[in-house]
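The structure appears right after this line, and notes come after that.
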Amino acid sequence: MPIDPDTWYPADAPELDVIGARQTRARWRHEGRGPAYVKAGARVVYRGADVLRWLEARRVRTTETADEAA
């Protein structure tokens with residue numbers, strides 16, 4: 001399932017599994033890591049644009065992808 005940048009996803013949304021398991025995301029929040037999120041009371045939501053930005057920042061360029069850009 002693709003992540004829509006204009007959608008807010010609850011912490012248990014299956015779309016977020018691309019960044020890590022639900023338990024991993026919870027640990028990251030506790031450690032202050034992972035993509036930005038909003039917490040309102042006990043509810044946690046992620047904005048799709050923040051998740052996509054976080055993923056893009058971790059993109060690893062290989063020699064093959066560098067050749068494709070040329």
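- For the pair I19 and W54, the minimum side-chain heavy-atom distance is below 4.5 Å.
- Counting all heavy atoms, side chain and backbone alike, I3 lies closest to L52 at O-CD1, 3.7 Å.
- Applying the salt bridge (Lys or Arg N to Asp or Glu O under 4.0 Å) test to pairs two or more places apart or on separate chains, those with a residue in residues 47-58 are R47-D50, D50-R53, E56-R59.
- Clustering of Ile, Leu, Val, Met, Phe, Trp and Tyr side chains at separations under 4.5 Å places V38 together with W8, V45.
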Which donor-acceptor pairs under 3.5 Å do side chains of residues 26-37 form with protein atoms, sequence neighbours excluded?
{"residue": "R29", "atom": "NH1", "partner": "Y46", "partner atom": "OH", "Å": "2.8"}
{"residue": "E31", "atom": "OE1", "partner": "R33", "partner atom": "NH1", "Å": "2.9"}

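- Every residue two or more places apart in sequence or in another chain was checked for a salt bridge (Lys or Arg N to Asp or Glu O under 4.0 Å) with R43, and none qualifies.
- Contacts of T7 classified as side-chain hydrogen bond (donor to acceptor under 3.5 Å, both in side chains), with partners at least two apart in sequence or in another chain: D4.
- Within the hydrophobic cluster formed by Ile, Leu, Val, Met, Phe, Trp and Tyr side chains joined at under 4.5 Å, directly or through other members, V60 stands alone, with no partner residue.
- Every residue two or more places apart in sequence or in another chain that forms a side chain to side chain contact (heavy atoms under 4.5 Å, CB included) with A21 is listed here: Q23, T24.
- Listed by first and then second residue, the side-chain hydrogen bond (donor to acceptor under 3.5 Å, both in side chains) pairs involving residues 10-21 are D17-R25 (not counting sequence neighbours).
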